[in-house]
Amino acid sequence: MSDTGVTVKKCQDFSEWYVQVVLKAELADYAPVKGCMIIRPDAYAVWEKIQEIVNQKIKATGHRNAYFPMFIPEAFLKSEAEHFAGFTPEVAWITMGGDTPLEEKLAVRPTSETIMYSMYAKWIRSWRDLPLKINQWCNIVRWETKATRLFLRTREFLWQEGHTAHATAEEADAEVMWALNMYKDVVENYLAIPVVLGTKSDSEKFAGANYTTALESIMPDGKALQMGTSHNLGQHFAKVFDVKYIGEDKQDHYVWQTSWGITTRLIGAMIMVHGDDKGLIMPPKVAPIQVVIVPIPFKGLEAEAIAAKTKEIQDSLRAKCISVTLDDRTEYTPGWKFNQWELKGVPLRIEIGPRDIKNGQCVMVRRDNGQKAFVKNEDIIATAEKLLGDIQDSMLEKARAILADKTTLVATYDEFKQVVEGKGGFIKAAWCNSPECEAKIKEETGATIRIRPFQKEEAHTGCVYCGKEAKEVVYFARSY
RNA sequence: GGGGCCGUCGUCUAGCAUGGAUUAGGAUACAUGCCUGGGGCGCAUGCGAUCCUGGGUUCAAAUCCCAGCGGCCUCACCA
């Protein structure tokens, strides 16, 4: 047994397991620049899938893609005070052009609200120009000082940011919810990761927003990970950048704005949630390779028949738009290939050997549960399609069960602390809505309010911290 | 930014406590040839290391000291 594969168990040393899966499955690598990563083709292909899915959804609803500069003048970033205060600790600045100092330094975008809205002010004249719904796919930079975690914390990462302007507050509210639900669909139905939807507490909301909604999930180590956010920016930026329109009433009005985003962090979540001791498990809907075919030669027996049949299956699967690889490399043994493709997370494997030629069948093995099935020739394509669907479904189902298991309702602060230190995960607790209690809890336990769920529950106790009347039940957790 | 741990062929690692004799050793990967093939095959040959970088101590540094860089864990902050 070499160390080509993952050498630690997921449940024993989760951090080490994660690093090994990412590196050994060739998803990413450390860059020569501190805090930066290289997204390798197998992971980039997943990002492209996500782009495909999101693009389809946003274009179908009238959003259009565009591209704005990655450099933002300092004055722009400063113009919204709360926004600037929130981002300034982690902005990278450009101060030189060649060997000439710049008159005004330029921020490398940590997010694009300011540069985009400065243009919106120019483009929006009348109510007929609204709503304006623009999205961009780009890289952004946040100069983290903390240790690099591939996909989860890097100084540069890829994301999508939607920025819309509306005539009314109601429209902006609706857009915020549209984006959030669009993300829920992507994350749950494609990445097979169950999420909890809700709003952020004031202390956790986006710098410069009226309110922030988000999708949160729990990773296998018990820490929460934000899977996407959708902000209602109100008129804060509109007032700062003078984004106004003349309404049907002939009066000037500020627009109502939203912004929303998901990042390559989702790939990290997918790895963590679905992987096992053998490596990665890709949800079929985003897997760059959905099926791998491994021929099993045996002393030249039926060699030609095997070659013909594997090729035929490959062609038929491709005709059904299933992404398939025929691994007919002669320098590796079948067993080696099994391990390799399992490490890389290919959802379904088809084996064809002399025995299968004789019996008019093939062997199919599911990556998610290891189940092996003998499938008659005439059923191969239909069965492969069905199994890919089943795998997608059961991955979500399994993840749902884990999420439920990692969600604990607590009645007392002692219980709260015990869960934080113990199994972690979401801790549902009653809260009085005071920032002081929230801050104290964070200080004493490291847990923050991840989400105030849309699905409201009656407070079952007083505030878990102060004991006074609770306003709602919220989800606490330690987070990434 | 704070604290802890770490850095030797592509990868994993021995050597480092007690400086000198290993030509810096092994495994794996890679290349070539043969042989194999239903769960990481075997044999042979070959290729492969600025011992992270820069200083210092010393007759002598992979080994000791200092600084820097990078990684991992952890705390504060974030997607």
Side-chain angles (χ1 to χ4, degrees), chain A residues 1-7 13-16 18-20 23-24 26 29-37 85-91 110-111 139-161 183 200 203-207 212 214-216 221 223-231 259-269 278-279 294-301 303 306 328-343 349-357 362-363 365 370 372 374 442-443 446 448 478-480:
Chain A
M1 182 73 171
S2 72
D3 57 4
T4 314
V6 180
T7 57
D13 187 349
F14 186 72
S15 295
E16 172 67 16
Y18 178 76
V19 172
Q20 285 197 16
L23 295 178
K24 292 180 176 178
E26 299 176 313
D29 209 343
Y30 295 99
V33 182
K34 178 180 165 66
C36 295
M37 70 183 287
F87 280 103
T88 192
E90 51 187 17
V91 170
T111 180
N139 61 336
I140 62 172
V141 169
R142 298 185 184 174
W143 208 254
E144 299 279 351
T145 54
K146 212 187 144 153
T148 308
R149 302 209 61 186
L150 296 169
F151 292 110
L152 304 174
R153 187 178 297 102
T154 49
R155 284 181 173 169
E156 180 191 28
F157 56 92
L158 305 185
W159 80 349
Q160 154 280 124
E161 49 181 327
Y183 290 153
K200 288 288 187 179
S203 71
E204 298 277 333
K205 78 175 168 65
F206 178 74
T212 288
L215 308 92
E216 289 271 339
D221 60 352
K223 285 162 92 173
L225 187 70
Q226 182 172 301
M227 310 293 290
T229 51
S230 179
H231 316 291
S259 70
W260 26 273
I262 53 171
T263 76
T264 37
R265 198 180 235 191
L266 287 179
I267 298 172
K278 291 176 165 181
V294 179
I296 315 285
F298 192 80
K299 294 193 165 113
L301 213 64
I306 292 171
D328 54 6
R329 292 175 295 179
T330 55
E331 66 269 35
Y332 294 108
T333 61
W336 194 94
K337 293 175 184 174
F338 297 166
N339 284 286
Q340 163 95 20
W341 294 112
E342 281 166 359
L343 173 63
R349 180 175 79 232
I350 297 179
E351 306 169 18
I352 309 274
R355 224 179 293 160
D356 305 304
I357 297 294
C362 77
V363 175
V365 183
K372 191 183 248 192
F374 299 91
K442 180 176 180 179
E443 192 184 316
T448 52
R478 282 183 180 161
S479 72
Y480 273 96

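Quick note on labels: first sequence line is chain A, next is B, and so on, each numbered from 1.
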Determine the Euclidean distance between corresponding [atom1] atoms of [M] and [N]; express it in Å to zero decimal places.
N	M	atom1	result
B:C5	B:A61	C1'	23 Å
B:G70	B:U22	C1'	29 Å
B:U36	B:A44	C1'	15 Å
B:G46	B:A29	C1'	14 Å
B:U53	B:U58	P	23 Å
B:G15	B:A60	P	26 Å
B:G25	B:C51	C1'	13 Å
B:A17	B:A27	C1'	25 Å

Test: A:Glu144 and A:Lys34 ion pair at under 4.0 Å: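 So A:Glu144 does not pair with A:Lys34 through a salt bridge.
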Specify the separation, in whole Å, of atom [atom1] of [X] and atom [atom2] of [N].
X	N	atom1	atom2	result
A:Asp13	B:C72	CG	C1'	10 Å
A:Glu16	B:C6	CD	P	15 Å
A:Glu331	B:G42	CD	P	16 Å
A:Lys24	B:A29	NZ	P	13 Å
A:Trp336	B:C41	CH2	C1'	13 Å
A:Glu144	B:A76	CD	C1'	12 Å
A:Arg329	B:U36	CZ	P	21 Å
A:Ile296	B:U36	CD1	C1'	13 Å

Watson-Crick or G-U wobble partner of [N], both distances under 3.5 Å:
N	value
B:G25	B:U13
B:A44	B:U32
B:C69	B:G7
B:A76	none

Say you draw a straight line from [atom1] of [X] to [atom2] of [Y]; how long is it, rounded to the nearest 0.5 Å?
X	Y	atom1	atom2	answer
A:Gln340	A:Tyr332	CD	OH	7.0 Å
A:Thr448	A:Lys200	OG1	NZ	7.0 Å
A:Phe298	A:Ile357	CZ	CD1	14.5 Å

Could you list the protein-to-nucleotides 69-71 of chain B atom pairs, N/O on both sides, closer than 3.5 Å?
residue	atom	partner	partner atom	Å
B:G71	OP1	A:Gly35	N	3.2
B:G71	OP1	A:Thr148	OG1	3.3
B:G71	OP2	A:Lys34	NZ	3.2
B:G71	O3'	A:Tyr30	OH	3.3

Counting side-chain heavy atoms from C-beta on, which of B:C73, B:G39, B:G37 comes nearest to A:Lys278? B:G39
Name the closest nucleotide to the A:Lys146 side chain, picking from B:G37, B:C77, B:G39. B:C77
Between [N] and [X], is there an OP1 or OP2 to side-chain N/O distance shorter than 4.0 Å?
X	N	value
A:Lys442	B:C77	yes
A:Thr333	B:C41	yes
A:Tyr18	B:C73	no

Classify [X] by what it touches in the nucleic acid, base, sugar-phosphate, or nothing, heavy-atom distance under 4.0 Å.
X	result
A:Val294	nothing
A:Lys337	nothing
A:Leu152	base
A:Glu351	base
A:Arg153	base
A:Thr154	base
A:Pro89	nothing
A:Glu342	base

Short side-chain to backbone donor-acceptor contact, [X] and [Y], under 3.5 Å:
X	Y	result
A:Lys24	A:Gly5	yes
A:Arg349	A:Val365	no
A:Tyr30	A:Leu150	no

Look at the aromatic rings of A:His231 and A:Phe206 and report parallel, tilted or perpendicular, splitting at 30° and 60°.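 Correct class here is parallel.
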Heavy atoms, side chains only, cut-off 4.5 Å: are A:Asn339 and A:Lys278 in contact? no
Using heavy atoms to find the nearest nucleotide of RNA chain B for A:Gln340 and A:Gly86 separately, return the residue whose nucleotide is more 5′.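 Checking each residue's closest nucleotide, the 5'-ward one belongs to A:Gln340.
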Quick check: on RNA chain B, is the nucleotide nearest A:Gly353 upstream (toward 5') of the one nearest A:Arg142, or the reverse? Name the residue that is more 5'.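 It is A:Gly353, whose closest nucleotide lies nearer the 5' terminus.
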The single option from A:Asp13, A:Leu343, A:Thr7 passing side chain to side chain contact (heavy atoms under 4.5 Å, CB included) against A:Gln20: A:Thr7
Syn or anti conformation of B:A17, syn meaning chi within 90° of 0: syn
